[in-house]
Amino acid sequence: MSTTTTAPGSSQAPPRPPDRPRDRADRSARRRTLGTAFVYAVLAVVALIYVYPFLITVATSFKSDAEAVASPLSLVPATWTTAAYERLFVRSDFPLWFQNSAIITVSVTIGRVLINSMAGYALARLQFRGRTVIFAGLVAVMAVPSVVLLIPKFLVVNQLGIYDSYAGMIVPLLADAAGIFIMKNFFESIPRSVEEAARIDGAGPFRTYWSVVLPMARPALMTLVILSFQGSWNELAHFIVASQDPELRTLTKGVAQLASGALSQGSQYPLKLAAAAIMTIPVVVVFLVFQRRIMNVTTGAVKE
Amino acid sequence: MTSPDVFVPASLPTVPRRRRGGGVRGREAAAGWLFVAPMLVILGLFLVVPVLMAAWVSVSDWNGRGSPLSSSVGFVGAENYRDLVAGGGLATQDFGISLRNNAWYVFLVVPIQTALSLFLAVMVSRKVLRGRGFFRTAFYFPSVTSSVAITVLFLFLFSASGAVNRLLEALSVNGPNWLADPRGVVHVVLGALGVDAPAVLTGNGFVGIPWWQWVAGPSVAMCVFITMAVFTTSGTFMLLFIAALQAIAGDVEEAATMDGATSWQRFWHVTLPMLRPTLFTVITLGLIGTWQVFDQIYTGTQGGPTKTTLTPAYLSYQASFESQQWGRGAAIAFVLFAIIVVLTLLQRLILRERDTPPRRRRDVLVGVAGAGGARGAGGAPDAGAVAPTTGTEDRR
């Protein structure tokens, strides 16, 4: 950037005889300033395209039905109304959906953190026969696309008699090969010496894992928490195939049915967008709180 | 964190460990199995067993009542598969249409999202950029929100008198009624040029629908979902590219600048080749992801208008849960799986082939190594160049 400051220096140039390199530096500096302005302009436009729809969501949720249709682009409602939110919270099952989503998300997140970190630790550090086979199996299992498993999962959930229960909605989501990989990679990156010191002090593998290794793994655990939270909060397909009881409806399922006209006559955009806005809040909070970590997730995950 | 306090020289522990010998090893093995047990049970129960069970259902006539393992369920061989691919009935037709829809979706989404995410990553990775955090957050934001919420939003934006059509109106363009418009985009363009369906294409077909329908392009409604996919996934892939760009040492680019390369040349000849492993990952993940469109269709259009947003994943759900044709639903899932595997392998082969520098290619032609050898030879230099990013590639 330092060259930019010399950019106006073209006026200083005349005293000297025209000197090739300087001239070229000047021109390239000017071009760079122009280039920078161009980059900002492009980025600003793209950012606007990415952010504006979400602003519309929030704005429209406070509009009346008629206004939502009449002026879909405006960000300030002509008349503010909370009718959509009242309808959602007072006269619909929305709070129940929210509660179900919260129960499932918290259970899945805790379960995944435990299972994944244990398995990751074992695969990274503990010597036992069959480890390589398990690892190979894990890689193979990861290759199966989740949508392909939609019907198969229903078959097993049904066969096990946990269809239409929290168990049927939570337990299958605990299978998370990617999380195991993240944990395994992390455990391989920390020095062995710490655990071995604990072992000399007479701590068994479980003790070592619980009070020495796990506290050290906080960054990787955070990554896992974020990914699990997002994944299970936003999950839809599995809940569709694992339950049909309205009492067990989650936010994603409830709002999806709302979108296809379950609760409404006519379009009722403010209602739908209010629901969409509220279901986005928890992930946004997690996103903003852990933003730095999210932005580093891929770096951490990719590191071997 | 406790780690610095407890740090102990690495050489110390080996002695006592030796002394205890087999006891520790035995205990460790037991602990190892104990630690992986929950994972094994859950992955086995909800990934391996389901696949086996679905494989059975796909060759059975189970109608959804009772257990698919009961003795009243009959074995029908490959009938479900035959119905899908060559039956000629409604099942074949629906499956063909869903394949057509999804193929166009993949064909458009994968290149656009890859290019856009790379573009965004390069833009926000510039060394001098104020507000980098804001831009990254803005671009990544759609990726964290649920597909249901985004679909609800897009249904509103693309409604007949919605935001998008208002914008088009401002440009004095008459926007279509997006989500209710089943016309194929290619057909619309050809129609505007005065081209009508040639008899060759209407007479013959593939998987139950005529060629003329295959080349119809995505319907206007499907274009909404294509836009949505690009909108929601470009942020995620942007992060992958940013990580890879950070891994490229600055001095390589500096050296190129010293040699007089313009920024475009630098990007094209230095940066892009070094990004190849990540590019590969992004395309692979894109291919896998775009063949699995379900949430958006379930929330948005349920396959309409006139089945032009039907996808194999949604069709599989519909066949099973709505029509109680479980065998067919499971068969669709397996065909979809096969498509994803074959396309991924194909993409691997094509991209690796192009990677191979001329000298190596000749070696391969001379040798009897075949495709496997070419892949190994082509892949190795890249893997060495940007080591940190190769992990993801292997993992998928």
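All chains are named by letter (A, B, ...) in the order of the sequence lines, taking the proteins before the strands, and each is independently numbered beginning at 1.
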Tightest non-hydrogen contact, residues B:Arg166 and A:Ala70, listed as NH1-O, 2.6 Å
Under 4.5 Å to a heavy atom of chain A? For B:Leu116 that would be side chain
If one checks every heavy atom of A:Leu251 against chain B at 4.5 Å, the contacting part turns out to be neither
Taken to the nearest 0.5 Å, the spacing of A:Gln159 CD from B:Met53 CE works out to 4.0 Å
Rounded to the nearest 0.5 Å, the CZ atom of B:Arg130 sits from the OG1 atom of A:Thr36 at a distance of 10.0 Å
Residue from B:Thr344, B:Val164, B:Thr145 scoring the most non-hydrogen pairs under 4.5 Å with chain A is B:Thr145
Scored by heavy-atom pairs under 4.5 Å with chain B, the best of A:Tyr52, A:Phe206, A:Trp233 is A:Phe206
One option among B:Gly329, B:Ala163, B:Ala54, B:Ala333 has the most heavy-atom pairs under 4.5 Å with chain A, and it is B:Ala163
Quick one: sort the B:Trp326 and A:Phe154 rings into parallel, tilted or perpendicular, breaks at 30° and 60°.
parallel
Under 4.5 Å to a heavy atom of chain A? For B:Phe156 that would be both
Heaviest contributor of heavy-atom pairs below 4.5 Å to chain B, chosen from A:Leu114, A:Leu273, A:Val46, A:Ile56, is A:Leu273
Per-residue tally against chain B (heavy atom, under 4.5 Å) across A:Leu174, A:Leu149, A:Val283, A:Val148 peaks at A:Val148
The interface call for B:Phe139 against chain A, heavy-atom contacts under 4.5 Å, is both
CG of B:Leu43 to CG of A:Leu138, rounded to nearest 0.5 Å, is 6.0 Å
Is there a side-chain contact between A:Phe128 and B:Val36, using heavy atoms and a 4.5 Å cut-off?
yes
Whatever's closer than 4.5 Å to a heavy atom in chain A on B:Phe337 counts as both
Under 4.5 Å to a heavy atom of chain B? For A:Asn116 that would be neither
If one checks every heavy atom of B:Phe119 against chain A at 4.5 Å, the contacting part turns out to be side chain
Here the gap from A:Leu155 atom CG to B:Ser320 atom OG, rounded to the nearest 0.5 Å, amounts to 8.0 Å
Applying a strict 4.5 Å limit to non-hydrogen atoms, the region of B:Val293 in contact with chain A is neither
Given B:Phe294, B:Phe154, B:Trp291, B:Phe231, the one with more heavy-atom pairs under 4.5 angstrom with chain A than any other is B:Phe231
Is any side-chain heavy atom of B:Trp33 closer than 4.5 Å to a side-chain heavy atom of A:Leu126? no
Do A:Val156 and B:Phe46 come close enough that some side-chain heavy atom pair is under 4.5 Å?
-> yes
Most heavy-atom pairs under 4.5 Å with chain B, out of A:Ala47, A:Ala119, A:Ser146, A:Pro172, belong to A:Pro172
So, do B:Thr299 and A:Leu236 sit near enough that their side-chain heavy atoms are less than 4.5 Å apart? yes
Under 4.5 Å to a heavy atom of chain B? For A:Ile190 that would be neither
Rounding to 0.5 Å, atoms CG (B:Leu153) and OH (A:Tyr269) come to a distance of 11.5 Å
Rounded to the nearest 0.5 Å, the OG1 atom of A:Thr57 sits from the CG atom of B:Leu157 at a distance of 7.0 Å
Margin query: Side chains of B:Val148 and A:Lys253, heavy atoms from C-beta outward: is any pair under 4.5 Å?
Written below: no
Interface check, chain B: of A:Val51, A:Ile134, A:Val255, most non-hydrogen pairs under 4.5 Å belong to A:Ile134
Bottom line for B:Leu47: the part with an atom under 4.5 Å from chain A's heavy atoms is both
- prompt: Would you call the rings of B:Phe141 and A:Phe54 parallel, tilted or perpendicular, where under 30° means parallel and over 60° means perpendicular?
  reply: perpendicular
Bottom line for B:Ile332: the part with an atom under 4.5 Å from chain A's heavy atoms is neither
query = Does any non-hydrogen side-chain atom of B:Tyr317 lie less than 4.5 Å from one of A:Ile151?
reply = no
Bottom line for A:Thr252: the part with an atom under 4.5 Å from chain B's heavy atoms is both
Bottom line for A:Arg125: the part with an atom under 4.5 Å from chain B's heavy atoms is backbone
Whatever's closer than 4.5 Å to a heavy atom in chain A on B:Leu34 counts as backbone
Answer key: most heavy-atom pairs under 4.5 Å with chain B among A:Val284, A:Asn234, A:Val69 is A:Asn234
Item to complete: Determine whether A:Tyr50 and B:Tyr140 make a side-chain contact, defined as any pair of heavy atoms from C-beta on separated by less than 4.5 Å.
Response: no
The interface call for B:Phe134 against chain A, heavy-atom contacts under 4.5 Å, is side chain
The interface call for B:Val57 against chain A, heavy-atom contacts under 4.5 Å, is side chain
| query | Do B:Gln292 and A:Pro145 touch side chain to side chain, with heavy atoms closer than 4.5 Å? | reply | yes
